[in-house]
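Numbering of ligands and ligand atoms starts at 1, following listing order. Throughout, residue positions are numbered sequentially from 1 according to the sequence presented.
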Amino acid sequence: MKIKAVGAYSAKQPLEPMDITRREPGPNDVKIEIAYCGVCHSDLHQVRSEWAGTVYPCVPGHEIVGRVVAVGDQVEKYAPDEPGHTLGGYSQQIVVHERYVLRIRHPQEQLAAVAPLLCAGITTYSPLRHWQAGPGKKVGVVGIGGLGHMGIKLAHAMGAHVVAFTTSEAKREAAKALGADEVVNSRNADEMAAHLKSFDFILNTVAAPHNLDDFTTLLKRDGTMTLVGAPATPHKSPEVFNLIMKRRAIAGSMIGGIPETQEMLDFCAEHGIVADIEMIRADQINEAYERMLRGDVKYRFVIDNRTLTD
Ligand code: NAP
């Protein structure tokens, strides 16, 4: 079936409207009418081939929420997938194996603000759980963007003492409103020094290369900083002695599996957690990318997919 989408034909071109083809639902497939799709910084990395290897045409979008409109008659086994690469959620519909469909328990009116939970939410929830953020733990969240603002809300809901690190002075009060107990301007050496050797865990969501030593020195003995931000070019190599001296660790984490994503959605529904979003029309996507690069979004753009029309 032919549907409307927005995507890019090359790394150097802006996104533009395009018609794409979805496979007819197979026996194990679920066809979803997409209502909203979040705009992740990873979409921008992918569209501009900043991680290399993007296949064009490219339709990004993985924070997809919508309504099931058709299902296959068998729902237990994989059917062979169609050849080619997967086109994402900046489109009217998607057909996926039922294994990758999640149940949303939030009220219907929160649906748009649930979309970013499917990447920004799980990418922060999973490491916070793995490194046991909770009561009695001091947890830092670096970068208050799409991922970071969810990290603050989730770590707060888990009961940790949350310190937000930002390069944007203007976000100081907003970070407190999100649930941060303290906010540090990471460009202010005195503010940083006040937290030396004190963190159990730091979640670093920054989308650009920066000096990791500024944060590893804030970890206490056996503390871990986990990188989820995935910049296009590497960070400067961290100072090894900062790790050796207190058995500190630098780790990484990638989104999360399907069972944990369902667990995260249920946790968020139970705690009344959604993303803070700014809704856009599909034809505003290129402007949204430029604003995201400037840090000018509070805190996630979400496409209203009903605006994908002729
Ligand atoms: P975003 O909304 O653009 O937020 C990134 C934040 O990082 C900015 O708001 C800013 O926060 C801070 N920042 C940006 N440039 C900086 C710089 N030069 N120095 C210091 N801080 C800077 O991006 P996002 O959607 O949250 O994604 C963040 C990163 O995570 C991206 O690289 C994305 O690809 C990656 N990601 C990874 C996974 C995974 O599985 N690991 C999943 C999704 C996304 P302040 O203004 O507060 O400083």
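Formation of a donor-acceptor pair under 3.5 Å by the Asn204 side chain with backbone atoms of Met225 is not found in this model.
For ligand 1, the 4.0 Å heavy-atom shell contains residues Cys40, His41, Ser42, His45, Trp51, Cys119, Thr123, Gly143, Ile144, Gly145, Gly146, Leu147, Thr166, Thr167, Ser168, Lys171, Thr205, Val206, Ala207, Ala208, Val228, Gly229, Ala230, Ser253, Met254, Ile255, Met292, Arg300.
The CD atom of Glu278 sits 13.0 Å away from the CZ atom of Arg300 when rounded to the nearest 0.5 Å.
Under a cutoff of 6.0 Å and an axis angle of 45°, Arg129 and Phe267 form a cation-pi pair.
By the 30° and 60° cut-offs, the orientation of the rings of Tyr100 relative to His97 is perpendicular. Note: His149 and Tyr299 have parallel aromatic rings, judged against thresholds of 30 and 60 degrees for the angle between ring planes.
Under the ring pair (Phe, Tyr, Trp, His ring centres under 6.0 Å) criterion, Phe201 pairs with Trp131, sequence neighbours left out.
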